[in-house]
Colleague: 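This structure is in structure tokens; I'll ask about it shortly.
Side chains included, hydrogens not; waters and symmetry mates left out as well; all remaining heavy atoms used.
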Amino acid sequence: RTIEVKPEYGSRTSPKLDLFASDVYGKVGITGNASAFDTGGFRQVVDSEAGPIDTNATVKYQNYNVKVDYNPNANFNTFVRGNYFNEDRNNAKVATANGTPVGTPNGTPEDNGTTAESFAAGVRTLLRDQSNLQATLFWDSVDYDQTFLAVNTVANTPPRSTARLTTSQHVPTKNFG
């Protein structure tokens, strides 16, 4: 039986936690781990050059994994495994026009996010001639969202007071086999 807990705390309000546990119950083994991180963020532009478009760069993620193995004898085993991952990043800019937020109430942020989920199950058996027969099924899903902004220099306005949305995309990826 194994249990590990690893808490961390960094500057800029940045907690992180890692967990791991595993155990064997007769012929069944279970393993799981989790990780989470969050940060209050930080300015990427020095105060003397920052404008209304500039916000804090932040990141928040979480990841979970679990696997169950069943080994009734030396000639046969099977497993099931699942995973979930989510990450959100704020790239420290919001869309504005001459300092006035555009898009969402506080300005459309330049950000990206990823959500990934997966599942797999498999079986292995040793045949009489000592060869292995294996089969695995899997399913994966990844969704990636991103927005990017262009910082405009507009005559007669303070620096970094205007940013416009240049890219907004959603990229879904699914596979199985």
Side-chain angles (χ1 to χ4, degrees), residues 2-24 28-45 53-71 77-96 101-125 132-151 163-177:
T2 302
I3 297 175
E4 296 177 9
V5 178
K6 184 179 175 184
E8 298 178 42
Y9 195 87
S11 61
R12 305 191 191 279
T13 315
S14 299
K16 183 174 189 289
L17 179 63
D18 294 309
L19 305 171
F20 174 82
S22 67
D23 204 349
V24 176
V28 177
I30 300 173
T31 302
N33 65 59
S35 183
F37 176 77
D38 193 4
T39 180
F42 60 94
R43 298 283 268 194
Q44 293 184 320
V45 178
I53 69 162
D54 296 302
T55 62
N56 284 350
T58 62
V59 64
K60 180 177 186 175
Y61 76 78
Q62 52 196 326
N63 188 44
Y64 308 99
N65 297 287
V66 67
K67 182 179 181 186
V68 178
D69 289 290
Y70 176 60
N71 298 294
N77 74 320
T78 186
F79 76 91
V80 175
R81 178 179 57 232
N83 169 265
Y84 175 82
F85 172 80
N86 181 269
E87 179 183 59
D88 293 306
R89 291 181 177 265
N90 181 321
N91 296 331
K93 292 192 283 286
V94 293
T96 60
V102 174
T104 63
N106 296 319
T108 299
E110 180 179 88
D111 60 5
N112 54 55
T114 303
T115 299
E117 302 164 301
S118 65
F119 173 81
V123 63
R124 181 203 58 84
T125 188
N132 278 310
L133 177 61
Q134 298 181 21
T136 302
L137 298 173
F138 68 91
W139 170 84
D140 296 308
S141 172
V142 178
D143 289 301
Y144 176 70
D145 295 288
Q146 71 175 15
T147 57
F148 286 106
L149 304 177
V151 178
R164 65 179 173 79
L165 183 64
T166 58
T167 303
S168 178
Q169 66 179 358
H170 173 74
V171 183
T173 304
K174 312 278 190 249
N175 63 65
F176 62 92

Colleague: Tell me yes or no: between the side chains of N63 and N83, is some donor less than 3.5 Å from an acceptor?
Modeller: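 Yes, side-chain donor-acceptor contact under 3.5 Å.
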Colleague: With a 6.0 Å cut-off (strictly less than), is the heavy-atom count around NZ of K16, excluding the residue itself, greater than 12?
Modeller: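 Yes.
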Colleague: Counting heavy atoms not belonging to F176, are there more than 12 under 6.0 Å from its CZ?
Modeller: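 12 or below, so no.
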Colleague: Has the side chain of T147 got a donor or acceptor atom that lies under 3.5 Å from a matching backbone atom of P109?
Modeller: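 Checked: pair present.
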Colleague: How many angstroms lie between atom CD of E110 and atom OG1 of T55, to the nearest 0.5 angstrom?
Modeller: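 The distance works out to 9.0 Å.
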Colleague: Looking at every heavy atom in both P15 and T13, which two are closest together, and how far apart are they?
Modeller: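 Closest heavy-atom pair between P15 and T13: CD-O, 3.4 Å.
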Colleague: Just wondering, are more than 12 heavy atoms of other shown residues or ligands nearer than 6.0 Å to NZ in K6?
Modeller: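 No, the 6.0 Å shell around NZ holds no more than 12 heavy atoms from other groups.
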Colleague: Between N65 and R81, is any pair of side-chain heavy atoms under 4.5 Å apart?
Modeller: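 No, too far: nothing below the 4.5 Å cut-off.
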Colleague: What is the minimum heavy-atom distance between A150 and T166, and which atoms define it?
Modeller: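 Of all heavy-atom pairs spanning A150 and T166, the closest is CB-CG2, 3.4 Å.
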Colleague: Dump the intermediate steps for side-chain contact (heavy atoms from CB on, under 4.5 Å) on V123 and T125, then the final yes or no.
Modeller: CA-CA 7 Å; V123 63; T125 188; 5.6 Å; no
Colleague: Testing the basics here: between A95 and L149, what is the closest heavy-atom pair and its distance to 0.1 Å?
Modeller: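 Result for this residue pair: N-CD1, 3.5 Å.
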Colleague: Any side-chain heavy atom of L19 within less than 4.5 Å of one from L17?
Modeller: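 Yes, their side chains come closer than 4.5 Å.
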Colleague: When you check the side-chain N and O atoms of T39 and S14, is any donor under 3.5 Å from an acceptor?
Modeller: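 The criterion, which ignores hydrogens and geometry beyond distance, is satisfied for S14 and T39.
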Colleague: Measuring only between side-chain heavy atoms, which start at C-beta, is L137 closer than 4.5 Å to F119?
Modeller: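 Counting from C-beta outward, L137 and F119 never come under 4.5 Å.
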Colleague: Please assess T136 against F79 for the test side-chain contact (heavy atoms from CB on, under 4.5 Å), listing each intermediate value before the final yes or no.
Modeller: CA-CA 9 Å; T136 302; F79 76 91; 4.1 Å; yes
Colleague: Under 3.5 Å, is there a donor-acceptor pair between the R124 and N77 side chains?
Modeller: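 Yes, a side-chain donor-acceptor pair sits under 3.5 Å.
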Colleague: For the OG1 atom of T115 and the OH atom of Y84, what is their distance to the nearest 0.5 Å?
Modeller: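 Between T115 OG1 and Y84 OH, I get 4.5 Å after rounding to 0.5 Å.
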Colleague: Taking all non-hydrogen atoms of both residues, which atom of D18 and which atom of S35 are closest, and how far apart?
Modeller: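 Looking at all heavy atoms of both residues, the shortest contact is OD1-OG, 2.6 Å.
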Colleague: So which heavy atom on A57 is nearest to which on A92, and how close?
Modeller: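 Heavy-atom minimum between the residues: N-CB, 3.5 Å.
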Colleague: Rounded at 0.5 Å granularity, tell me how far CG in D145 sits from CG in D88.
Modeller: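 Here the interatomic distance stands at 9.0 Å.
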Colleague: If you define the side chain from C-beta out and look only at heavy atoms, does anything of R89 sit under 4.5 Å from Y61?
Modeller: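 SC-SC contact between R89 and Y61 ruled out.
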Colleague: Examine distances only and state if a side-chain atom of R43 and a backbone atom of D54 form a donor-acceptor pair shorter than 3.5 Å.
Modeller: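 Yes; at least one donor-acceptor contact below 3.5 Å.
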Colleague: Would you give the length of the straight line joining atom CG of L165 to atom CZ of F148, rounded to the nearest 0.5 angstrom?
Modeller: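 Spacing of CG (L165) from CZ (F148) equals 11.0 Å.
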Colleague: Kindly compute the distance separating CG (N90) from CG (D111), expressed to the nearest 0.5 Å.
Modeller: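 So the gap between those two atoms works out to 6.0 Å.
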Colleague: What distance do D23 atom CG and I30 atom CD1 have between them, rounded to the nearest 0.5 Å?
Modeller: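 Going from CG on D23 over to CD1 on I30, the span is 7.5 Å.
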Colleague: Charged N to carboxylate O below 4.0 Å: is that the case for K174 and D143?
Modeller: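 Looking at K174 and D143, the cut-off is met.
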Colleague: Ignoring hydrogens and angles, tell me if any N or O in the side chain of T58 forms a donor-acceptor pair with the backbone of G40 under 3.5 Å.
Modeller: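 A pair under 3.5 Å: no.
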Colleague: Do F138 and N175 have side-chain heavy atoms sitting under 4.5 Å apart?
Modeller: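 Side-chain contact under 4.5 Å: yes.
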Colleague: Closest heavy-atom contact between D140 and S118?
Modeller: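 Shortest heavy-atom separation between D140 and S118 comes out as OD1-CB, 2.9 Å.
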